[in-house]
There are 2 protein chains.
Amino acid sequence: MTTAEKILAKALEMFNEKGIEYVGLRELAAVLNIRVGNITYYFPTKDDLVNALSLALNKLNSEVVVANEEMTVAAFLNMLKQVFHHHVQYRCLLLSFVHLIEQNKVISERYKQTASDRNSAIESNIKALVKSAYLKVKDETDVEYLTSSLSLIIRFWISEAAVSHSRLSVEAQIRHYLSMIAKLLSAYATAKGKKEIEGFVAGL
Amino acid sequence: MTTAEKILAKALEMFNEKGIEYVGLRELAAVLNIRVGNITYYFPTKDDLVNALSLALNKLNSEVVVANEEMTVAAFLNMLKQVFHHHVQYRCLLLSFVHLIEQNKVISERYKQTASDRNSAIESNIKALVKSAYLKVKDETDVEYLTSSLSLIIRFWISEAAVSHSRLSVEAQIRHYLSMIAKLLSAYATAKGKKEIEGFVAGL
DNA sequence: ACATACATTTGGACAATGTCCAAATTAATT
DNA sequence: AATTAATTTGGACATTGTCCAAATGTATGT
């Protein structure tokens with residue numbers, strides 16, 4: 001494990017525990033038994049460090065989030081479940097999400113791309129689910145509504161969990177928000193779709 | 001206007017513009033043409049300053065958010081519209097929401113109360129809307145789902161707007177998220193309810 | 001009008017933070 | 001073994017929120 005990797009791993013651990021802005025570089029250095037300058041050698045600014053973590057999360061998610069013509073509701077929900085677990089691994093990023101976007105230009109620029117990619121992935125998956133008769137929609141506004149709602153939940157579920165459901169275990173939190181998404185889709189599901197959704201929820 | 005009031009007003013203005021953590025007390029003092037110590041005389045810590053702003057927002061909202069047996073869907077949606085406008089006025093607080101809760105004990109404690117109050121207000125309003133045949137639900141889980149979804153949207157709409165829809169005007173942002181809520185309720189609305197919701201959306 | 005008590009404002013100190021850099025050390029290459 | 005490059009160190013710097021003693025201003029009672 002290189003020094004850079006050690007720094008990244010411990011930073012993620014401590015950031016997740018205390019929050020990015022409440023872990024000082026000196027504290028991080030002390031835990032790693034290195035000096036502050038050594039951190040800034042690999043990551044000139046704290047933003048660069050955070051940015052590296054953000055890249056790692058992005059990579060993880062892009063391996064899982066795909067647009068698939070043959071998508072089933074269950075597969076779609078399982079995809080979101082994986083994304084949720086990645087969010088837990090990198091929770092510090094999502095909890096500081098708004099600030100990072102406002103302050104960190106690199107993250108902000110990349111996020112625009114990621115968000116747009118993810119939105120179209122969600123949208124085409126929903127359309128695929130409609131085509132294969134898992135969902136049925138009246139018109140395009142239904143698809144837009146589902147996409148917007150899913151984006152909002154996916155992006156902020158962990159923030160709401162942190163402020164409102166911190167007493168619950170992480171697993172229970174994930175169950176709660178996945179159930180919410182399941183219920184959201186249910187309203188637009190065919191009988192076939194409803195059955196699969198019920199199966200997914202039962203297996204949570 | 002007392003010094004304390006001047007500080008609060010200018011702080012809100014600058015916090016909204018640049019974000020709470022990016023406005024230093026020295027910068028604030030300079031704009032007000034007073035010295036830093038003068039700010040800390042009225043607000044010993046920056047958290048106290050933020051806390052005072054949070055109290056003001058709370059007051060504003062508590063005057064508007066009520067549980068009403070005679071609630072109509074339109075009245076309910078207009079209530080949320082008002083809340084959204086308050087959120088815009090105090091956007092800095094909502095954009096730093098997660099951090100404030102994690103760091104500021106006073107805000108965090110009060111938030112628990114506020115959140116619980118708001119949740120029950122939403123819940124009893126939804127039940128009232130069911131009773132007066134604007135909405136119809138299968139069982140209690142539908143009510144819970146609606147309450148949870150509404151809470152999430154109300155709490156994080158402005159954060160999502162900041163990172164994803166900053167190109168839109170504030171009015172357009174509000175329209176977008178109110179439409180989303182309208183659509184959410186639509187799925188559970190009776191014919192009577194749907195008609196009122198359509199009227200509300202048309203008037204946005 | 002004056003003295004006393006209280007409220008407000010000032011100016012500067014303090015520790016902690018992220019950033020930066022010259023020098024020292026270690027590793028790799030010739 | 002000598003030279004070059006990569007890594008690590010230790011300390012400086014400006015900025016932040018916080019704190020406090022002294023100075024100034026304001027009101028009250030005599």
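Numbers restart at 1 for each chain; the letters A, B, ... are given by sequence-line order, proteins then strands. Here the structure is a predicted model, which means the values were calculated and not measured.
A:Ile20 has its CD1 atom 12 Å from the P atom of C:dG18, to the nearest Å. Between A:Phe15 atom CZ and C:dG18 atom P the separation is 8 Å, expressed in whole Å. Protein atom CZ of A:Phe43 is 15 Å distant from nucleotide atom C1' of D:dT8, rounded to whole Å. Atom CG in A:Leu28 sits roughly 15 Å away from atom C1' in C:dT19 (whole-Å rounding). Atom CD1 of A:Ile34 and atom C1' of D:dG10 are 14 Å apart (whole Å). B:Tyr42 has its OH atom 10 Å from the P atom of C:dT10, to the nearest Å. What separates NZ of A:Lys6 from C1' of D:dT8 is a distance of 12 Å, to the nearest Å. When the P atom of D:dT9 is taken as reference, atom CD1 of A:Ile39 falls 10 Å away, rounded to whole Å.
Salt bridge absent: B:Lys136 and B:Asp142 never bring a charged side-chain N and a carboxylate O closer than 4.0 Å. Using a 4.0 Å cut-off between charged nitrogen and carboxylate oxygen, A:Glu198 and A:Lys195 do not count as a salt-bridge pair. Checked for salt-bridge contact, A:Lys18 and B:Glu102 miss the test: no charged N lies under 4.0 Å from a carboxylate O. Checked for salt-bridge contact, B:Lys127 and B:Glu140 meet the test: a charged N lies under 4.0 Å from a carboxylate O.
Put simply, A:Tyr41 has no side-chain N or O that comes within less than 4.0 Å of OP1 or OP2 on D:dT9. The phosphate of C:dT8 has neither OP1 nor OP2 within less than 4.0 Å of any side-chain N or O from B:Thr3. Between B:Arg35 and C:dT9 there is no side-chain N or O to OP1 or OP2 distance below 4.0 Å. The shortest distance between the side-chain N/O atoms of A:Asn38 and the OP1/OP2 oxygens of D:dT7 is not below 4.0 Å.
Atom CD of B:Glu69 is surrounded by 12 or fewer heavy atoms from other residues, nucleotides or ligands within 6.0 Å.
With a 4.5 Å cut-off on side-chain heavy atoms, A:Ser96 and A:Glu21 count as touching.
The aromatic rings of B:His99 and A:His99 sit perpendicular, their planes meeting at an angle over 60°, well past the 30° parallel limit.
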Extract from the structure each pairing of a protein N or O with an N or O of nucleotides 13-16 of chain D at less than 3.5 Å, listing the distance.
none

Please tabulate, one pair per line, each protein N/O and nucleotide N/O from nucleotides 20-26 of chain C that are separated by under 3.5 Å, including the distance.
none

(message) One pair to check against side-chain hydrogen bond (donor to acceptor under 3.5 Å, both in side chains): B:Thr147 and B:Asn119. What are the steps and the verdict?
(response) CA-CA 7 Å; B:Thr147 308; B:Asn119 253 42; over 6 Å; no

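The stretch residues 36-63 of chain A participates, sequence neighbours left out, in these salt bridge (Lys or Arg N to Asp or Glu O under 4.0 Å) pairs: A:Lys59-A:Glu63.
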